[in-house]
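Each remark here refers to the structure printed beneath this line.
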Amino acid sequence: MRLFKAAIDTIINNITHKLMKAYPTQHIRNVVLLGSTKSGKTTLSEAMLYEGKVIDRRGTVEAKNTVSDNAEIEQLNQRSIYATPLYAEFMDTKFNIIDTPGADDFVGGAVSAFKVCDTGVLVVNAQQGVEVGTQIYSRYAREYGIPMIVAVNQLDGEKASWETTLESMKESFGGKPVVVQYPVNVGPGFDGFIDVLKMKYYHFLDENGKREDLEIPADRLEEAEELRNELIERAAEYDDTLMETFFEQGSLSEDEIRKGLGIGIREGKVMPIFCLSAKKDIGVKRLMEFTIRTAASPAERKGVTKDEKVIECKQEAPVSLFIYKTAVEPHLGEVAYFKVMSGELTEGMDLENPETGDKERISAIYAVAGKKKEKVTDLIAGDIGCTVKLRAAKTNVTLCAPGADICYKDIVFPHYKYRCAVKAKDAKDEEKVSEAMAKIAAEDPTYVIEYHKEQKQTILKGMGEQHVNTLKWRLQNENKLEIEFAAPKISYRETITKIACADYRHKKQSGGAGQFGEVHLLIAPYQEGVDPGNRFKVDGKEIVLNIKGKEEFDLPWGGKLEYYNCIVGGAIDARFMPAILKGINEKMSEGPLTGSLARDIRVYVYDGKMHPVDSNEISFVLAARNAFKEAFRAAGPKIMEPIYNVEVLTPSEYMGACMSDLQNRRALIEGMGSDKGFEVIKARVPLAELYRYSTTLSSLTSGSATFTMDFADYQPVPGDVQEKLLKAYLEEEKED
């Protein structure tokens, strides 16, 4: 009986494999769904899976039963937080889909998808028009070279407006949008559209995609012909042969229009517009048909290696795959999601990491639809899938045939916008928290976790407050660990503004050998390109030094230290000079003003005394520390703070509020401009003023603005800020 059951299982397994065949590269389309939160991307993906026979019943976000938003936190918030890979089999084509979040805080998922997808479907909510998320994600798509098709969704909504939506698209994207379809009966009664490529009226009979293909009504024919002529003219623009055909014949065939639009889409010059109600499965099939026939196949998007080699995406090439995402999933463990960049990947194949030489066996291959993993025996170049139980390969790792030496360029993730200090509520959990956060950051590389020795804090960096709160939720609910967030301490620096001298004698006698060391030194500000010289005026007296030796150091925390030996007449033995340097370095690592790191200083050791018996290394370390401290405090000391270059993109109506807020943050406005419907503000802002800035900016602009921040340099703090910092440091010392 057991043998019979095993045989039946084998037969069923073989049938399953036959159902999911290996698709050739030309019969694969990799599509990323982009758009603002609540535009309906997840609902659209559900309809695509239904049309592709992956599911036989469509779920809803409200019912928490969609294939895409399957994580508990997504269902609680009723929105996408992770980018979910899906697939459908449609028109003899493998349709790989990645459904991405709409909030800028979770942009990492979309950026990962850009690495492995060839076309973007930009979903626009017909009740809102082009929203912030629409603009943000379309900008990311342009930046990463992803061509886009526009799907105007929710045309069945109470507040849907085709005209307003179309106008907002033209305002945001200029002349790129071109109408392929326009709706009939916009609003709750929406039941069809005119397709000017097919010159058909598609009328839908139910909410499951059943339709009838009709002739265009006479009262709509003139508008349809006018829009078709516009479509033909746009299609002819991108190919000389098509342009000649158009001039000779005055028109183009359906296939010729598709060919011209395909060229325009790939070059990012045209964005064809389609009509949808994903909820009612209206227009979904036509969108998929057009994408299959017009959008690029993976063969047209070549891989580029770290050494700038171009790898053709074709089955005949050596096998290589790129891991664009990893995740830890219940019952499976760590799952690696990948795209086969070249060759044909088969189950049981041994590959290697060309950078480390690590060997990895692909023990199983799966096609992915959310939690559903369909086992397959092979995937051909251009296809997307996943595997489990890899030993070391993570996100941004290439695996290839042994000896092929193919290593693709890494995904470049956006820079963080939010930083906070994080610690375990219970100190006993610190190690567990660190391990859990590291695993989450491995799944989402837009999290950056660093321990700052200087500030004695663990700093969590992310894309926004929602993003870091998601990590906190995961720790609480998945790992049962409680954490606390706090404002991160600022890494200030200390330096000097003028020349000063000091000397210090360290003398200690306690029976037997004592301690004795005396150091005289001069300190001066270090300035790049300025000759150090050997003549100095201090307190009205001129000092001339005889420089015998110089050592120059790039400090680990930034800035310079120049150390000059100016000892004459053997006042201090050469063997004690390293000890003096050590003492200076020790004091620079805990600056005399606030304990911050000191930088950009020249130190001249020009005199001192020693004792034939009592002088030793520790004596000169301590003498140098104290001499440096006294000289530093007399040399016009200044506290310096990190300054960041900040670029804000905001709609014009919020420009004034953004400017005012930046000025309240001690920002120096360096320039203003505009970029595709956004106003741009460029400013230099102290890092101390940027804590929770992303949250404030979102509040000021109703979520419609975004920004980037990058470290610029260190600059002296204003006098009043320095006084506050000094006072706070003194209070801390008293408490200690």
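Basis for what follows: all heavy atoms, side chains included, without hydrogens, waters or symmetry-related copies. In this chain, residues are counted from 1 in sequence order. Predicted model only: the values in this text are computed from it and were never measured.
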Report yes if the distance between the aromatic ring centroids of F114 and Y140 is under 6.0 Å, otherwise no. no

Exactly one of K325, K389, R391, K394 clears salt bridge (charged side-chain N to carboxylate O under 4.0 Å, His left out) with E334, and that residue is K394

Would a 4.5 Å heavy-atom cut-off, applied to side chains only, mark F678 and P651 as touching? yes

Decide yes or no on side chain to side chain donor-acceptor pair (under 3.5 Å) for S702 and S704, but give the supporting numbers first. CA-CA 6 Å; S702 301; S704 63; over 6 Å; no

Judged by atom type as modelled, is there a donor-acceptor pair below 3.5 Å linking the side chain of T708 to the main-chain atoms of H415? no

Could you tell me whether a side-chain N or O of Q455 sits under 3.5 Å from a main-chain N or O of I490, the two making a donor and an acceptor? yes

With the side chain counted from C-beta on, respond yes when D661 and R665 share a heavy-atom pair under 4.5 Å apart, and no when they do not. yes

Any carboxylate oxygen within less than 4.0 angstrom of a Lys/Arg side-chain nitrogen, looking at E454 and R493? yes

Option passing ring-ring contact (aromatic ring centres under 6.0 Å, His included) with Y693 (candidates Y418, Y416, F707, Y644): F707

Answer yes or no: is there a side-chain heavy-atom contact under 4.5 Å between Y563 and Y604? no

Side-chain touch W557/S596, heavy atoms, less than 4.5 angstrom: no

Working for side chain to side chain donor-acceptor pair (under 3.5 Å), residues E689 and Y691: CA-CA 6 Å; E689 304 291 344; Y691 179 53; over 6 Å; no

Using a strict cut-off of less than 4.0 Å between a Lys/Arg side-chain nitrogen and an Asp/Glu carboxylate oxygen, indicate whether E542 and K537 qualify as a salt bridge. no

State whether K560 and E562 are salt-bridged, where the test is any N-O pair (Lys NZ or Arg NE/NH1/NH2 against Asp/Glu carboxylate O) under 4.0 Å. no

With a 4.5 Å limit on heavy-atom distance, are the side chains of K489 and H452 in contact? no

Determine whether E443 and V328 make a side-chain contact, defined as any pair of heavy atoms from C-beta on separated by less than 4.5 Å. yes

Can we say K439 and E478 salt-bridge, meaning some charged N sits less than 4.0 Å from an Asp/Glu carboxylate O? no

Should Y504 and E630 count as side-chain neighbours, where that means a heavy-atom distance under 4.5 Å? yes

Any Y451 side-chain heavy atom under 4.5 Å of K456 side chain: yes

Compute both the distance and the angle, then confirm whether K587 meets the cation-pi test with F632: under 6.0 Å from the six-membered ring centre, within 45 degrees of the axis. no

By the definition side chain to side chain donor-acceptor pair (under 3.5 Å), identify the one residue from K417, Q466, E465 that meets it with T695. E465

So Y337 and Y324, would you call those rings parallel, tilted or perpendicular, with 30° and 60° as cut-offs? tilted

